[in-house]
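First up is the structure itself, then whatever we jot down about it.
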There are 2 protein chains.
Amino acid sequence: MSSATQYLADALKALAQPTRLKIIDFLRGGERCVCEIFPSIDEEQSNTSRHLNQMQTHGILSRRKDGVKIYYAIKHPEVFEIIDLASAIVKREIELRSSLINNVEN
Amino acid sequence: MSSATQYLADALKALAQPTRLKIIDFLRGGERCVCEIFPSIDEEQSNTSRHLNQMQTHGILSRRKDGVKIYYAIKHPEVFEIIDLASAIVKREIELRSSLINNVEN
DNA sequence: GCAATATATGACTATACAATCATATATTGC
DNA sequence: GCAATATATGATTGTATAGTCATATATTGC
């Protein structure tokens, strides 16, 4: 397999996970090393490393080595756009649902 | 749990699957009933129904009943923008990787 | 060369997910 | 009311995923 659709699904899947979203959000501030990332997002070093690796493999993050430290950064600016658009959807959905509840109550 | 980050991850996850991407792509043509969708994407009726249900639950699709038929449509136009942005990333990544291979060969 | 620091990885577990098959539940026209 | 059509769902299975713990592998400064 591994058609174009599968590649696209894999790229989106690389974003669609809470720990990875926390990492991406932290990287809005620019390139950061693992030793800065995992304490900031409050996850274990090993778990953070796996998620960073996964995102790098799927082309979401760039990786740069400097001495003993590994620096990760968002590779394509579209990543932020995607997340902002998805956030807009979620926000609108929550509004829609709470207004539905209000209509039932009134 | 179910924080804002979890909601966001769930929304993205609702897009990040090949069968669901095929459905979304088919719905670029507008509202369609299940009986049109599942033959077009070449998936089983029951499987298609589950994915449609999942996307509707997560606010990706709208659902409208007309007689015995159920019509689904993309609820938020941002869905298409997200997928187009993700496609652009995948395309650029593939280009980057094939140019790396060329550099090794030459 | 050794200790300290940074990162990655093997082994494992628990949970989530996708797909399939069979079947249930509308809705409609006759 | 019955047959036909459209959609949804219960039960099951195989596979993927996230997280944890322990440990391995750089790299650096001394």
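For the numbers below, each heavy atom of this structure counts, side chains included, while hydrogens, waters and symmetry mates do not. Below, chains carry the letters A, B, ... as their sequence lines are ordered, and counting in each starts from 1.
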Find the distance A:Gln54:CD to D:dA16:P and express it as a whole number of Å.
14 Å

Short question: side chain of A:Ser49, backbone of A:Gln45 - any donor-acceptor pair under 3.5 Å?
no

Euclidean distance, atom CG of residue A:Asn53 to atom P of D:dG19 [Å, nearest integer]
15 Å

Pick the closest DNA chain D nucleotide for A:Ala16 and for A:Asp66 by heavy atoms, then say which residue is nearer the 5' end.
A:Ala16

Presence of B:Thr19 side-chain N/O under 4.0 Å of C:dA19 phosphate oxygens OP1/OP2
yes

Indicate whether OP1 or OP2 belonging to D:dT17 is found under 4.0 Å from a side-chain N or O atom of A:Lys13.
yes

From CG of B:Asp10 over to C1' of C:dT15, roughly how many Å is that when rounded to an integer?
14 Å

Output yes when at least one side-chain N/O atom of A:Arg20 is less than 4.0 Å from OP1 or OP2 of D:dT17, else no.
no

D:dA11 pairs with, by Watson-Crick or G-U criteria that keep both distances under 3.5 Å
C:dT20

Nearest whole Å is fine: how far is C:dA18 P from B:Ile23 CD1?
11 Å

Less than 4.0 angstrom between a side-chain N/O of B:His51 and OP1 or OP2 of C:dA19, yes or no?
yes

Which nucleotide in the list C:dA18, D:dG19, C:dA6 gets nearest to the side chain of B:Asn47?
C:dA18

For atom CZ of B:Arg64 and atom P of D:dT7, their distance in whole Å
12 Å

So what does B:Tyr72 touch, heavy atoms closer than 4.0 Å: a base, only the sugar-phosphate, or nothing?
sugar-phosphate

Name the nucleic acid region contacted by B:Ser46, choosing base, sugar-phosphate or nothing; use a 4.0 angstrom heavy-atom cut-off, strictly under.
base

By nearest-heavy-atom nucleotide on DNA chain D, the more 5' of A:Glu43 and B:Ile70 is B:Ile70

Please state how far atom CD in A:Glu44 lies from atom C1' in C:dA6, giving the value in whole angstrom units.
15 Å

Report yes if a side-chain nitrogen or oxygen of B:Lys65 is closer than 4.0 Å to either non-bridging phosphate oxygen (OP1 or OP2) of C:dT27; otherwise report no.
yes

Pairing partner (Watson-Crick or G-U wobble, both distances under 3.5 angstrom) of C:dG29:
D:dC2

Phosphate oxygens OP1/OP2 of D:dG19: is one of them under 4.0 Å from a side-chain N or O of A:Gln17?
yes

Could one point to a donor on the side chain of B:Gln45 or the base of D:dA6 with an acceptor on the other under 3.5 Å away?
no

Atom-to-atom span, OH of B:Tyr71 to C1' of D:dT7 - whole angstrom:
13 Å

What is the distance from CE of B:Met55 to P of C:dA18, rounded to the nearest Å?
11 Å

Can a donor-acceptor pair be found between the side chains of A:His76 and B:Glu93 at a distance below 3.5 Å?
yes

Could you check whether the side chain of A:Arg50 and the base of D:dT20 have a donor-acceptor pair of N or O atoms closer than 3.5 Å, going by distance alone?
yes

